Trainee: 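The structure follows.
Proteins get letters first, then strands, A, B, ... in listed order; numbering begins at 1 in each. All of these numbers come straight from a predicted model, not from anything done at the bench.
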Protein chains: 2
Amino acid sequence: MEQTMQDYPLTVQHVLWRVEKLFCRKEIVTKREAGVHRYTYGDFAARVHQVAHMLERLGVRPGDRVGTLAWNNYRHLELYYAIPCMGAVLHTLNLRLFPEQLAFIIEDAGDTVLCVDASLIPVLNKIAGKIPTVKTIIVLNDGGDLPAHDLGETLDYESLLADEPTTYAWPTLDERAPAGVCYTSGTTGNPKGVVYSHRSQFLHTMSVLQKGCLNIGEEDVVLPVVPMFHANSWGLPYAVGMAGAKLVLPDRWMGDGATLIELCQSEDVTILAGVPTIWINLLRQIEQTGAQLPKVHTVVCGGSAIPPALMAGMEKQGLRMLHAWGMTETSPLGTVSIPRSWQPEEESLAIRLKQGPPIPGVELRIADLSTGAELPWDGVAFGEVQVRGPWIASGYHHNADPGKQTEDGWFKTGDVATIDPDGFVAIVDRTKDVIKSGGEWISTIELEGAIMAHPKVLEATVVGLAHPKWVERPVAFVVTKPEHAEATTPEEIRDFLTDKVARWWIPDEIRFIAEIPKTSAGKFDKKVLRVNAAPLVEAVAT
Amino acid sequence: MEQTMQDYPLTVQHVLWRVEKLFCRKEIVTKREAGVHRYTYGDFAARVHQVAHMLERLGVRPGDRVGTLAWNNYRHLELYYAIPCMGAVLHTLNLRLFPEQLAFIIEDAGDTVLCVDASLIPVLNKIAGKIPTVKTIIVLNDGGDLPAHDLGETLDYESLLADEPTTYAWPTLDERAPAGVCYTSGTTGNPKGVVYSHRSQFLHTMSVLQKGCLNIGEEDVVLPVVPMFHANSWGLPYAVGMAGAKLVLPDRWMGDGATLIELCQSEDVTILAGVPTIWINLLRQIEQTGAQLPKVHTVVCGGSAIPPALMAGMEKQGLRMLHAWGMTETSPLGTVSIPRSWQPEEESLAIRLKQGPPIPGVELRIADLSTGAELPWDGVAFGEVQVRGPWIASGYHHNADPGKQTEDGWFKTGDVATIDPDGFVAIVDRTKDVIKSGGEWISTIELEGAIMAHPKVLEATVVGLAHPKWVERPVAFVVTKPEHAEATTPEEIRDFLTDKVARWWIPDEIRFIAEIPKTSAGKFDKKVLRVNAAPLVEAVAT
C-alpha cells in the first residue's frame, strides 16, 4: 500500500503565500532615527518579489549565498523572504563578531553578494580587501550620506529595486535545499556554520505557533528584540508571517529601554522576545520611570538562564516572562517553560525559571558528563543535554567539529541540565563552565542566580579557577547597581548566600568589576573572564 | 552548500514519545454502559507497547493493514498509536457503510486482522464469509458475552494483551510510509481509499495545535464527538497526544445529548468537536433542561455548514462555535474560521459562519465551474475549491478516480465556494448539489440555512429537481420540531424566505418529511432524497 498524500515541499515560499494571500493589510513597523517606517505586508510582499528580480539581475542563482549585515528592520526582513524563496541561501552575519571572524565566515560560506545597513558600513570596512568571494555590496540606506569606506563600489538597495517588477515566478524547491546559514558565535575556535533547510525553517515555524509553544496568533503584535543577525531571530521573522501577526522591529535600538517602552506603547505590542540583559535594562527603565506596558502578555526570554530576581521583578510589573531554550544549532527553539495544569500554582515561578519541556518536534535526553550514559529524569541527576529533531543540526558546514553528534545521531548541546519527572529541563551550566570542586559539581548558573538576587547587585557571573587542593573553586565577578558601587563588600555577598546554596558552593572570592564582558550574542563571556582573571589568592599563596 | 539539519523522520512515533515522556499522568476517560473507564496516558502508553507485541505475535508486519471497527474509546485509541508506530497501517472502518461497501473496503485495503468492538459484532456479522483477506478477528470487549455471530473463531483483546511486555522496540520508519487509510463514504460509486502517511499525520497535528487553528493546549480537555472511524476523528487522537490534553471519549453515545452534557460537566471538558446534527441535538437538550457548560470554550463544528440559527442558539448558551472545513482527502482540516483582528466585532457572527481561511500548511484556490479558470477572491465569484499541501490527497488507493487532481497538482474538492478578500472561504454547495436554474447558480446550503432559521423548523435540506423551463428548480425537504408537526404550512416557510434570499431562489415546493436521510458521516444525504423524490408538480403537469 502506497501513501496517497501530495508531495508538497515544506518551504519558506508557503509562508510568503500566506503573507500575500491572507495578511496583506497587516503592518510591519520599523524604528527609525526619527519616528518609524510603516508599511503593510502587501507592500512588503511586492518588494520581496522585486528583491528577487534585483538579485537575479545581479547574478544570484539558486544555491548562491547572499550575506546580510543588518539590524532588525524591514529591508532585512525582505531579504529573509526573497533570498530563500528564490532558492538562494540567506547568510545572516553576526555584526558583533571580531573582524577576522567576520571575514572568515564570509569566505567560509562563500558569500558573493553582501547586503549591509548603511549604519554598519564601518563594521564591514574593517575587513575591506579581505573578502575575496564578495563581488557585490548592496547598501540598505534610509537616504543619508554613507560613512567613508574602502569597500570600493557599492550599490544602493532602493535604487536597484525601484524599477523591478512586483511579481517573480518562484522556482519549485526541494524542501531539503538550504534556506539559510548562521554561524555560531565561536567562543572556542572558529565560528561554525549551521545550514538551515527550507524544511527545518518550515517545521520550526509550525511548532513555534502552537498554543503550547510561543502561542502567536494573528491578533498579536510581536517585537523581536533578539537580533535578526543571529539564530533566525528565534524564528520570529517566519513565525509572524505564517500567523499574520503585526511585526514591530527596533532596528539598532535594541539595547535602549526607553525606545522599547515607546514602541510597546505606541504599537500595542503584546509579545516581546530577547535575552536577559535586554530585560534587566528594560526593568530598570520601567522601575525608574513608572512606565506601564499593559498590552504585553508575554516576554519571551532565552539565550541564557533568567535570573530569579529578574523574573520576580518583571512579574511585579505585570510582565510575565516565558523562558525558552535553544541555540544556533537548534534553529533555535528547543524548550519553552509553560507550567502544566497539574503543577501547583504556588510553584509557578520556580517552574517558569526552568527552561521547560521540549516543544513538539524536539526530543531530548541527558547524558552523564563522565560516562555518557543516559540519566534519569528525576530532577537531580545532571548531564549534557542531547537533542534530536527535524530542525536540529546534524553537523556544520565544511564538516567542522564532527564530534558534536553522538554515534546514534543526537546533537550534543554542551549544556548541562537536570530533567524533572514532568520533562522540564533546568540548565545548570555549560559543559565547559561547570565547576568540579573536590569531585562534586557546582552549577555556576545557579550560583549566579543566587548572587543576582542580592538587592545591590546588577549582574554577576561565576567561573572556576584552579585551586591547589580542590582542583577548582568558584569566583564571582559582580557588577553592583551604580548607587551601591562604593558600599558593597564581598562579605555581605557571601553572607547573603549562606542560606541559599550549599556551604561549599559559596565562592572563595567576590571580585567587583565595572562590567561583565559579553559575547556577540549578548551573553556573559566567561572565557574572557577566565583568561584574564588573576589566580585565586589561595592558589598564589601555596 | 549542503543543509546540515538532522534527517529526522516525521512520524506518529514522536507523538507517542511525548505521551510517554511528558504526559504520563494525564487522563483518558471513556464513557461506558455504566460510569466511565479512566486511566492515565502512562497506562495507555504501556498498553500501546503491548498491542504492538500482540499484533506482531499474530503475524502483523510493517506495511500490513489492520482494520478497526470501533467507536470512540480507549482501545481504539491504543490501536491508533500501536498500529502505525509498529509500521503497520491503521484502517478505520466506517461502521455506517452498507454491508457490501464494508466488505468492499476490507478487501480493497487487504486487511488481514480486524479489531472490532463487541457492540459492533452484529455489523461485522452481516459480511461474515465475505471478507477473505481477514485471517484474525480480535474483539474489544468490556467483559460481557458476545452477540451471536457467524464469524468463526474470534480472539479477545484483553486476554491477548495480558502477558505481553510493556516495551516494544519501535522500528525506524520512513516518514512517507503509510500510517493509516480511511475510505470516503462513497455517496457516488465505490468508497475510495485515502492513504495517510506518517508525514501527513505529523504535519496535520503540528497545524491543528496552533493558536490560529484549533488552539489546543495541555490544559485543555477535549471531547471528540466526531467518530474515530472517519477522517481521523479530525486529527484529534494525535493532536491531544502531542499537546498532552486530557481526552474524553464518548464511545457509542455520540448522538446522546444528555450523555454529552454529563461528560462535559463531570470531566471539565473545554473543547468539543462534531458535525452540526450533533449540536442541533445538544442545543435542544440544553434548551429543554437548562443545563450549563461553563468550562466549554470552543465547539468545533465541521462536516457540513453550520446553520446560522444553530450558531446563534449556541452563542445564546455561551457556547462559541468554531467553524472548520475539510474532508477525508484533506486529513481532514483545511480551514478554520477565527475572525481577524481587523474585522469589526459586529460582523463576527457572519464571519464565523464562513468556513474560514486556510490553516498553516494548506493552500487554496477556486476554479470556475464551467471553464476551470482561477477566480478572484472577491467574496462573490464562486467556483470549485481546489487545495494543495502536505496532508492533501494526491489520489486514492488502487488509483481510483484519478480525475480528482488538476494537471498542476491541486486536489479538486467537489465543494463550491466564494473566497473573500481576507481569504475566508464560504462553502455554498457541492458541485453535484448546486442548482443551475435558468442559467444562474443557486446555493442549496444558503437556502437551507435560511429555512432552518424558521422557529418551527428542526432540519431542512434542498435539492434541485428537473424543470421543463428552468432546467432545475429547488425543492426543500423540511423536518419540523415535534411540537409544530401538525401546524406548519409550505406558505409560511416560503413567506419567511421572501426577505432573506433572492425571489427566484425560493423553493417551488416545500415538502414536510419525518426525517432527513443521513450519510454514514452524519450529513444530509441528498442523493437518497433526489433519487426517491417525486418530480416537481409543474414538471408532471407539462
Trainee: Can you tell if the side chain of A:Leu214 reaches within under 4.5 Å of the side chain of A:Val336, non-hydrogen atoms only?
Mentor: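 Result yes, sub-4.5 Å side-chain heavy-atom pair found.
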
Trainee: Going through the distances and angles, do A:Arg340 and B:Leu22 end up as a side-chain contact (heavy atoms from CB on, under 4.5 Å)?
Mentor: CA-CA 10 Å; A:Arg340 299 303 194 190; B:Leu22 304 177; 4.3 Å; yes

Trainee: Considering only heavy atoms, which portion of B:Gln201 lies under 4.5 Å from any heavy atom of chain A: side chain, backbone, both, or neither?
Mentor: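 Looking at B:Gln201, nothing touches chain A.
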
Trainee: Given a strict heavy-atom distance threshold of 4.5 Å, which part of B:Val362 is in contact with chain A: side chain, backbone, both, or neither?
Mentor: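 It is the backbone, since no side chain atom gets that close.
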
Trainee: Who wins among A:Cys24, A:Ala243, A:Gly409, A:Pro390 for the most heavy-atom pairs under 4.5 Å with chain B?
Mentor: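 Highest number of heavy-atom pairs under 4.5 Å: A:Pro390.
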
Trainee: For B:Leu203, is it the side chain, the backbone, both, or neither that has a heavy atom closer than 4.5 Å to a heavy atom of chain A?
Mentor: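 Both parts, heavy atoms under 4.5 Å.
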
Trainee: Out of curiosity, B:Arg365 CZ to B:Asp408 CG, how far, rounded to the nearest 0.5 Å?
Mentor: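 So the CZ of B:Arg365 and the CG of B:Asp408 are separated by 4.0 Å.
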
Trainee: With chain B as the partner, which of A:Met242, A:Lys246, A:Arg388 has the greatest number of non-hydrogen pairs under 4.5 Å?
Mentor: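 The residue among A:Met242, A:Lys246, A:Arg388 with the greatest pair count is A:Arg388.
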
Trainee: Heavy-atom pairs under 4.5 Å with chain A are the metric here; pick the option from B:Ser200, B:Pro358, B:Cys213, B:Ser394 that has the most.
Mentor: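 Most pairs with chain A among the choices: B:Ser394.
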
Trainee: A:Tyr183 and A:His91: aromatic ring centres closer than 6.0 Å?
Mentor: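 Yes.
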
Trainee: Can you say whether B:Trp17 sits under 4.5 Å from chain A via the side chain, the backbone, both, or neither, judging by heavy atoms?
Mentor: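 For B:Trp17, the contact with chain A is made by the side chain alone.
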
Trainee: Using a distance-only test with no angle check, is there a side-chain donor-acceptor pair under 3.5 angstrom linking B:Asn215 and B:Gln210?
Mentor: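 No.
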
Trainee: If we count only N and O atoms by modelled type, under 3.5 Å, do the side chains of A:Tyr8 and A:Glu175 hold a donor and an acceptor together?
Mentor: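 Distance-only check fails for A:Tyr8 and A:Glu175.
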
Trainee: For B:Val89, is it the side chain, the backbone, both, or neither that has a heavy atom closer than 4.5 Å to a heavy atom of chain A?
Mentor: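 Just the side chain, heavy atoms under 4.5 Å.
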
Trainee: Side chain from CB out, backbone as N, CA, C, O: work out which of these in B:Phe411 comes under 4.5 Å of a heavy atom of chain A, or both, or neither.
Mentor: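 For B:Phe411, backbone and side chain are both near chain A.
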
Trainee: For the CD1 atom of A:Ile105 and the CG atom of A:Asp111, what is their distance to the nearest 0.5 Å?
Mentor: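 One gets 7.5 Å once the value is rounded to the nearest 0.5 Å.
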
Trainee: Looking at chain A, which one of B:Met206, B:His398, B:Glu219 has the largest number of heavy-atom pairs inside 4.5 Å, strictly under?
Mentor: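 Max contact count across the listed options: B:Met206.
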
Trainee: Counting only heavy atoms closer than 4.5 Å, note whether A:Glu2 contacts chain B via side chain, backbone, both or neither.
Mentor: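 For A:Glu2, the contact with chain B is made by the backbone alone.
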
Trainee: Non-hydrogen atoms of chain A under 4.5 Å away: do they reach the side chain of B:Asp220, the backbone, both or neither?
Mentor: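 For B:Asp220, side-chain heavy atoms alone lie under 4.5 Å from chain A.
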
Trainee: Distance alone, cut at 3.5 Å: any donor-acceptor contact between the side chains of A:Glu329 and A:Tyr396?
Mentor: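 A:Glu329 vs A:Tyr396: donor-acceptor pair found between side chains.
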
Trainee: Give, for atom NZ of A:Lys354 and atom OG1 of A:Thr335, the distance between the pair rounded to the nearest 0.5 Å.
Mentor: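 Between A:Lys354 NZ and A:Thr335 OG1, I get 12.0 Å after rounding to 0.5 Å.
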
Trainee: Between A:Glu218, A:Gln3, A:Lys211, which has the largest tally of heavy atom pairs under 4.5 Å with chain B?
Mentor: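 Among the listed options, the one with the most contacts to chain B is A:Lys211.
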
Trainee: If you count heavy-atom pairs under 4.5 Å between each of A:Phe424, A:Tyr196, A:Trp377 and chain B, which one has the most?
Mentor: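 Sorted descending by pairs with chain B, the first entry is A:Trp377.
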
Trainee: If we count only N and O atoms by modelled type, under 3.5 Å, do the side chains of A:Glu20 and A:Tyr41 hold a donor and an acceptor together?
Mentor: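 No, A:Tyr41 and A:Glu20 have no side-chain donor paired with an acceptor closer than 3.5 Å.
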
Trainee: I need the B:Ile366 CD1 to B:Thr413 OG1 distance, nearest 0.5 Å.
Mentor: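 Separation between the atoms: 10.5 Å.
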
Trainee: Between B:Arg176 and chain A, which part of the residue has a heavy atom less than 4.5 Å away: side chain, backbone, both or neither?
Mentor: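 Both parts, heavy atoms under 4.5 Å.
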
Trainee: Chain B: which of A:Ala177, A:Gly217, A:Pro9 shares the most heavy-atom pairs with it under 4.5 Å?
Mentor: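 Between A:Ala177, A:Gly217, A:Pro9, the count favours A:Gly217.
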
Trainee: Checking heavy atoms, do the side chain of B:Ala109, its backbone, both or neither come under 4.5 Å from chain A?
Mentor: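 Both parts, backbone and side chain.
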
Trainee: Taking every heavy-atom pair that is under 4.5 Å apart, which of A:Gly212, A:Ala393, A:Gly423, A:Pro178 has the most such pairs with chain B?
Mentor: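 Highest number of heavy-atom pairs under 4.5 Å: A:Ala393.
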
Trainee: Among B:Gly395, B:Gly389, B:Gly361, who wins on heavy-atom pairs under 4.5 Å with chain A?
Mentor: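 Heavy-atom pair counts peak at B:Gly389.
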
Trainee: Side chain, backbone, both or neither: which part of B:Val181 has a non-hydrogen atom closer than 4.5 Å to chain A?
Mentor: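 Just its side chain gets close to chain A.
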
Trainee: If we ignore hydrogens and angles and just use 3.5 Å, is the side chain of A:Thr184 paired with the main-chain N or O of A:Pro191 as donor and acceptor?
Mentor: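 Not a single qualifying donor-acceptor pair exists.
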
